[in-house]
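Everything on this sheet refers to the single structure shown next.
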Amino acid sequence: MREEVLYFLKMQASGNDFILINNFAGRIAAHEGPELAWKLCRRRLSVGADGLILIEPPKKVGNAFAWRFYNADGSEAEMCGNGGRCAARFAVEEGLAKSPLVFETLAGEIRAEVSGSRVKVELTTPKDLKLGLELPLEEKSLEAHFVNTGVPHTVILVEDLEGVPVRELGRKIRYHEMFLPAGTNVNFVKVEPEGRLSIRTYERGVEDETLACGTGASAAALIAERLGLVRSPVPVKTRGGEVLIIHLEGERVSLEGEARKIYRGYLYPEALLD
Ligand SMILES: N[C@@H](CCC[C@H](N)C(=O)O)C(=O)O
């Protein structure tokens with residue numbers, strides 16, 4: 001694909017892991033993104049990650065950067081909450097911006113505050129909120145809720161979170177005709193005592209359960225608040241174990257938690273061969 005070496009940083013935020021590349025010089029062309037993501041995100045065969053993030057020059061003066069976000073299967077997503085927190089820290093530490101900063105995504109502009117490894121991002125205004133949908137499946141119907149917090153999320157409230165077959169049921173709902181053509185991420189959520197939530201997410205584009213999903217945790221908190229089950233700030237325990245904090249102020253939704261560096265590396269050209 002290319003001869004020269006590519007530098008990257010591997011990061012994770014609540015167990016959602018990403019490969020970040022500074023692409024300010026434009027070495028990776030837009031049409032190369034999907035294939036690069038698919039190749040690099042393969043676990044065991046390459047670096048392995050839930051997604052690839054390319055950090056690029058902003059379109060608007062004053063903004064810190066624009067990004068291109070790719071899921072592990074190479075599909076481009078409009079937004080990613082955990083990836084956004086990693087990207088904001090990356091930009092600050094690479095000297096591209098100072099906190100607070102604003103970056104550009106396909107979903108819209110995202111404001112971020114970075115304080116060491118602690119990062120808070122304000123998501124785009126939630127849209128398409130639908131509470132109490134009847135979701136017909138072959139065996140039975142489920143009650144589902146839906147909101148787009150940058151990317152589409154279905155939320156299903158459950159009692160027995162450990163018993164949910166997230167992979168099988170998540171995949172069925174992700175491709176359910178009610179959510180086509182875009183599809184949906186699927187979040188199974190348990191309301192715990194004292195207004196906390198626990199969550200497991202099937203992610204579109206990873207096509208599996210991930211250890212966390214920031215826009216998913218935010219969607220769950222927003223829906224639980226609208227149903228009168230929790231109050232802001234809402235602690236959401238992810239599958240990876242970290243508790244994310246979701247702040248809800250009217251239409252404003254912010255996501256706060258750790259964004260950690262794992263290692264830096266460079267890719268040998270042969271890593272990009274078929
Ligand atoms: N993990 C992300 C969401 C990434 C995009 C998603 N898989 C999609 O395609 O909708 C997050 O932390 O929000």
Side-chain angles (χ1 to χ4, degrees), residues 10-20 33-34 37-38 41 48-54 67-90 103 105-108 110 112 119-128 146-155 166-167 170-171 173-176 179-189 197 199-223 234 236-247 253-260:
K10 180 83 191 287
M11 295 186 75
Q12 63 92 1
S14 46
N16 220 185
D17 62 340
F18 308 99
I19 300 162
L20 293 99
W38 177 76
C41 291
D50 293 328
L52 168 70
I53 298 172
L54 301 180
W67 82 0
R68 282 191 279 140
F69 178 92
Y70 299 96
N71 284 309
D73 69 357
S75 57
E76 189 166 11
E78 299 86 342
M79 175 51 190
C80 172
N82 288 331
R85 294 190 298 107
C86 291
R89 181 171 178 198
F90 177 89
F103 66 95
T105 73
L106 292 180
I110 304 293
V119 185
K120 183 174 176 184
V121 288
E122 183 176 337
L123 304 179
T124 47
T125 306
K127 56 180 189 184
D128 307 331
F146 180 89
V147 70
N148 186 314
T149 46
V151 285
H153 282 282
T154 297
V155 172
V166 174
R167 210 166 183 215
R171 181 165 299 161
I173 299 170
R174 182 253 186 271
Y175 288 106
H176 196 284
F179 305 111
L180 294 178
T184 180
N185 297 283
V186 186
N187 305 275
F188 299 95
V189 178
L197 301 177
I199 189 165
R200 294 178 66 187
T201 303
Y202 180 95
E203 267 198 60
R204 182 181 78 154
V206 180
E207 303 310 334
D208 208 341
E209 180 175 11
T210 54
L211 292 183
C213 176
T215 49
S218 306
L222 177 73
I223 283 168
V234 187
V236 182
K237 186 167 186 194
T238 63
R239 194 66 179 157
E242 189 186 338
V243 177
L244 291 168
I245 306 295
I246 314 300
H247 304 266
V253 181
S254 305
L255 157 73
E256 183 187 347
E258 291 288 306
R260 296 197 177 147

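Remember, it's 1-based here, ligands and their atoms both numbered in the order they're listed. In what follows, residues are counted from 1 in the order of the sequence shown.
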query = Non-hydrogen atoms of Gly205 versus ligand 1: any pair closer than 4.0 Å?
reply = no
ask   = Parallel, tilted or perpendicular for Phe103 and Trp67, by the 30°/60° rule?
value = tilted
remark   = Counting from 1 in the order shown, the ligand 1 atoms closer than 4.0 Å to a non-hydrogen atom of Asn185 are 6 (C), 7 (N), 8 (C), 10 (O)
key: Reported CG-to-OG1 distance for the pair Asp17 and Thr210, which is rounded to 0.5 angstrom   = 9.5 Å
request  = Compare Arg204, Glu203, Glu76, Glu207 and give the one whose heavy atom is closest to atom 4 (C) of ligand 1.
outcome  = Glu203
Residue Val151 vicinity, atoms of ligand 1 by number, heavy atom under 4.0 Å = 10 (O)
note = Hits for side-chain hydrogen bond (donor to acceptor under 3.5 Å, both in side chains) against Ser218, two or more places apart or cross-chain, chain-then-number order -> none
remark   = When every non-hydrogen atom of Asp73 is compared with those of Glu207, the smallest separation belongs to OD2-OE2, 4.1 Å
query = Under 6.0 Å between ring centres, would you say that holds for Tyr202 and Phe188?
reply = no
message = I'd like to know if the side chain of Thr215 pairs up with that of His153 as donor and acceptor (distance under 3.5 Å, no hydrogens or angles considered).
response = yes
ask   = Which distance, rounded to the nearest 0.5 Å, do you find between the CD1 of Ile19 and the CG of Asp50?
value = 9.5 Å
message = Can you name the atoms of ligand 1, numbered from 1 with element, that are less than 4.0 Å from a heavy atom of Asn82?
response = 11 (C), 12 (O)
request  = For atom 2 (C) of ligand 1, find the nearest protein heavy atom and state the residue, atom name and distance (0.1 Å precision).
outcome  = Cys80 SG, 2.9 Å
remark   = Among Val206, Thr184, Asn71, the residue with a heavy atom nearest to atom 9 (O) of ligand 1 is Asn71
query = Is Gly214 close to ligand 1, meaning an N/O of one under 3.5 Å from an N/O of the other?
reply = yes
key: From CA spacing to verdict: side chain to side chain contact (heavy atoms under 4.5 Å, CB included), Leu52, Leu54   = CA-CA 7 Å; Leu52 168 70; Leu54 301 180; 4.2 Å; yes
note = Exactly one candidate in Arg68, Arg204, Lys127 meets salt bridge (Lys or Arg N to Asp or Glu O under 4.0 Å) with Glu78; the answer is Arg204
inquiry  = For ligand 1 and Gly83, I'd like to know whether there is a polar contact (N/O to N/O, distance under 3.5 Å).
reply    = no
task = For atom 1 (N) of ligand 1, grab the closest protein heavy atom and report residue, atom and distance to one decimal in Å.
result = Asn16 OD1, 2.7 Å
remark   = Contact region, Ala77 to ligand 1, non-hydrogen atoms below 4.0 Å, reads side chain
note = Under 4.0 Å from one or more heavy atoms of Gly81, ligand 1 contributes atoms 11 (C), 12 (O), 13 (O)
task = Between Leu244, Leu211, Thr215, flag the one that comes closest to atom 13 (O) of ligand 1 by a heavy atom.
result = Thr215
query = Does ligand 1 have any atom that is closer than 4.0 Å to a heavy atom of Glu78?
reply = no
